[in-house]
Amino acid sequence: QVQLVESGGGLVQAGGSLRLSCAASGRTFSSYAMGWFRRAPGKEREFVAFISSSGGSTDYVDSVKGRFTISRDNAKNTVYLQMNVLKPEETAVYHCAATTRYTSSSARRPNAYDYWGQGTQVTVSS
């Protein structure tokens, strides 16, 4: 069982930056691959970024490549999402998620993840 708690959201102007954190409970955090997803009002949940359990593999949705960076610190049971040059259309609730059962093709799908945090609101003003 893993419990996930996101933090770091807030209000930022377009072009600004935020760093989201996702703190995980439990002693097996290093066994889990982690993902970040977001859901904007009236839209479906969208994959943002993925990091493997070791941190050696990452993946991003095309729209954030070059601006967002996912990383993890297994000693601190935490995964991060550094978001730069934020855009108003990226206003959403951002969730982190954990899984031990994934493949390179499934990691972008929400149903590949077993545990989810409650989310943190990111609002980007124009």
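Treat the numbers as computed from the prediction; the structure is a model and nothing was measured. All values below come from the heavy atoms of this structure, side chains included, with hydrogens, waters and symmetry mates left out.
- Rounding to the nearest 0.5 Å places OH of Y94 at 7.5 Å from CG of L20.
- Between V79 and I51 the shortest side-chain heavy-atom distance falls below 4.5 Å.
- Counting only residues at least two apart or on different chains, the side chain to side chain donor-acceptor pair (under 3.5 Å) pairs with a member in residues 3-20 are S17-N84.
- Considering CE of M34 and OH of Y113, their distance stands at 8.5 Å, rounded to 0.5 Å.
- Checked against a 6.0 Å centroid threshold, the rings of F50 and Y102 count as neighbours.
- Contact between P88 and A14 at its shortest, heavy atoms only, is CD-CB, 3.9 Å.
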Sequence neighbours left out, cut at 3.5 Å: what donor-acceptor pairs do the side chains of residues 41-48 make with other protein atoms?
residue : atom : partner : partner atom : Å
E46     : OE1  : R38     : NE           : 2.7
E46     : OE1  : R38     : NH2          : 3.2

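- Atom CZ of residue R109 and atom OG1 of residue T99 lie 11.0 Å apart, to the nearest 0.5 angstrom.
- Between atom NZ of residue K65 and atom OH of residue Y60 there is a gap of 10.0 Å, rounded to the nearest 0.5 Å.
- Pairs passing the disulfide (SG to SG under 2.5 Å) check and including a residue from residues 19-107, sequence neighbours excluded, read C22-C96.
- Residue pairs meeting the disulfide (SG to SG under 2.5 Å) criterion with at least one member in residues 97-126, sequence neighbours excluded, do not occur.
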Going through the distances and angles, do V5 and Q118 end up as a side chain to side chain contact (heavy atoms under 4.5 Å, CB included)?
-> CA-CA 7 Å; V5 179; Q118 290 298 308; over 6 Å; no
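- Partners of V93 under the side chain to side chain contact (heavy atoms under 4.5 Å, CB included) rule, at least two apart in sequence or in another chain, are H95, Q121.
- Pairing each heavy atom of A112 with each of S106, the nearest pair is CB-O, 3.3 Å.
- Every residue meeting the side chain to side chain contact (heavy atoms under 4.5 Å, CB included) condition with S71, not counting sequence neighbours, appears here in chain and number order: Y80.
- Although no hydrogens or angles enter the test, the distance criterion places no donor-acceptor pair under 3.5 Å between the side chain of S25 and the main chain of V2.
- Each side chain to side chain donor-acceptor pair (under 3.5 Å) pair with one or both residues in residues 49-59, not counting sequence neighbours, appears once here: D59-R108.
- Between W36 and I70 there is a side-chain heavy-atom pair separated by less than 4.5 Å.
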Which is it for T78 and R72 under the side chain to side chain contact (heavy atoms under 4.5 Å, CB included) test, yes or no, and what are the steps along the way?
-> CA-CA 6 Å; T78 302; R72 66 188 297 158; over 6 Å; no
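- Not counting sequence neighbours, F29 has no partner by the ring-ring contact (aromatic ring centres under 6.0 Å, His included) test.
- Judged as a disulfide (SG to SG under 2.5 Å), not a single pair has a partner in residues 40-84 (not counting sequence neighbours).
- With sequence neighbours excluded, the residues satisfying side chain to side chain contact (heavy atoms under 4.5 Å, CB included) with T28 are S31, Y32.
- Here R67 pairs with E90 under the salt bridge (charged side-chain N to carboxylate O under 4.0 Å, His left out) rule; sequence neighbours left out.
- V12 meets the side chain to side chain contact (heavy atoms under 4.5 Å, CB included) test with L18, L86, V124; sequence neighbours excluded.
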